[in-house]
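Remember, it's a predicted structure, so these values are computed and weren't measured experimentally.
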Amino acid sequence: MITHKLKLAPEPFNAITSGNKTIESRLYDDKRQKIQIGDQIVFTNRDNPSQTATVKVVGLLRYATLHDLFSHNDPRKFGGESIEWLENQMNGFYPLDEQLQNGVIGIEFVLI
C-alpha cells in the first residue's frame, strides 16, 4: 500500500470530509497512474494546509474524457449537481486535448 498526497480547493475538500463526495476526478497522468486499489490518499485543503482527510482507494474508473466519466456515474458522487456543472468546473483544469491525450480517472474512495 502506498500513500499519495493530493491538494484540493476548499469546496471539494469540504465535500469529501462531509461524506458528500466519494469520487475524485483527475487527469490520468503519470502521477495518477501510480494509484492502485487499496492505496491511501491524503487530501489537503489548499487554502488551509493543516486540514487533511485520509481515504482508502476502493475503485478506479478510467475513461477517455471527463464527459464520459461523469455521464456513466452519479454526479453527486463527485460532489456535483449535474454532468454539465461538473464539466464546467473541471474543464478549466484539464482541457479536452489533455483529456484525450492522457485519459481521465475517477478515484473512488472511502474515508478512513
**OP:** Return yes if some donor-acceptor pair links the side-chain N/O of D39 with the main-chain N/O of Q36 below 3.5 Å, else return no.
**Re:** yes
Subject >> OG1-CG distance between T52 and L8, expressed to the nearest 0.5 angstrom >> reply: 11.5 Å
Subject >> Within residues 93-112 or reaching into it, pairs that qualify as side chain to side chain donor-acceptor pair (under 3.5 Å) - sequence neighbours excluded >> reply: N91-Q99
Original post:
Do you know which of E24, Q33, R32 makes side-chain contact (heavy atoms from CB on, under 4.5 Å) with I105?
Top reply: R32
**OP:** Would you kindly confirm whether F78 and V55 end up in one hydrophobic cluster when ILVMFWY residues are joined by side chain heavy atoms under 4.5 Å apart?
**Re:** no
**OP:** Report the distance from atom NZ of K7 to atom CG of D47, rounding to the nearest 0.5 Å.
**Re:** 11.0 Å
Subject >> Same apolar cluster (I L V M F W Y, side chains within < 4.5 Å links), F13/L6 >> reply: yes
**OP:** Hey, could you give me the CD/CZ distance between Q51 and R46, rounded to the nearest 0.5 Å?
**Re:** 13.0 Å
**OP:** Among residues two or more places apart or on two chains, list those pairs meeting salt bridge (Lys or Arg N to Asp or Glu O under 4.0 Å) that have a residue in residues 48-76.
**Re:** D74-R76
Original post:
Which pairs count as ring pair (Phe, Tyr, Trp, His ring centres under 6.0 Å) when at least one residue sits in residues 42-66, sequence neighbours excluded?
Top reply: F43-F109, Y63-H72
**OP:** Enter the distance from S82:OG to N88:CG here, rounded to the nearest 0.5 Å.
**Re:** 8.0 Å
Original post:
Hey, any chance I83 and L61 share a hydrophobic cluster, counting ILVMFWY side chains that come within less than 4.5 Å of each other, even indirectly?
Top reply: yes
Original post:
With a 4.5 Å heavy-atom cut-off, do I107 and I35 have their side chains touching?
Top reply: yes
**OP:** Apply side-chain contact (heavy atoms from CB on, under 4.5 Å) to Q40 and list each qualifying residue two or more places apart in sequence or on a separate chain.
**Re:** M1, T3, T54, I112
Original post:
So do P12 and K21 actually touch side chain to side chain, heavy atoms under 4.5 Å?
Top reply: yes
Original post:
If Ile, Leu, Val, Met, Phe, Trp and Tyr residues are connected whenever their side-chain heavy atoms lie under 4.5 Å apart, and connections chain through other members, are L60 and I16 in the same group?
Top reply: yes
Subject >> Sub-4.5 Å side-chain heavy-atom contact between S25 and V104 >> reply: no
Original post:
Heavy atoms, side chains only, cut-off 4.5 Å: are K5 and T44 in contact?
Top reply: no
Original post:
Passes side-chain contact (heavy atoms from CB on, under 4.5 Å), V57 versus I41? Steps please.
Top reply: CA-CA 7 Å; V57 177; I41 298 173; 3.8 Å; yes
**OP:** Could you work out the complete set of other residues in the hydrophobic cluster of L96, with links drawn between I, L, V, M, F, W and Y side chains under 4.5 Å apart?
**Re:** L100
**OP:** Indicate, with yes or no, if V42 and V110 share a hydrophobic cluster defined by side-chain heavy-atom contacts under 4.5 Å among Ile, Leu, Val, Met, Phe, Trp and Tyr.
**Re:** no
Original post:
Hey, are the side chains of M90 and F70 touching, using non-hydrogen atoms and a 4.5 Å cut-off?
Top reply: yes
Original post:
Which other residues belong to the hydrophobic cluster containing I2, where Ile, Leu, Val, Met, Phe, Trp and Tyr are joined when side-chain heavy atoms lie under 4.5 Å apart, directly or via other members?
Top reply: none
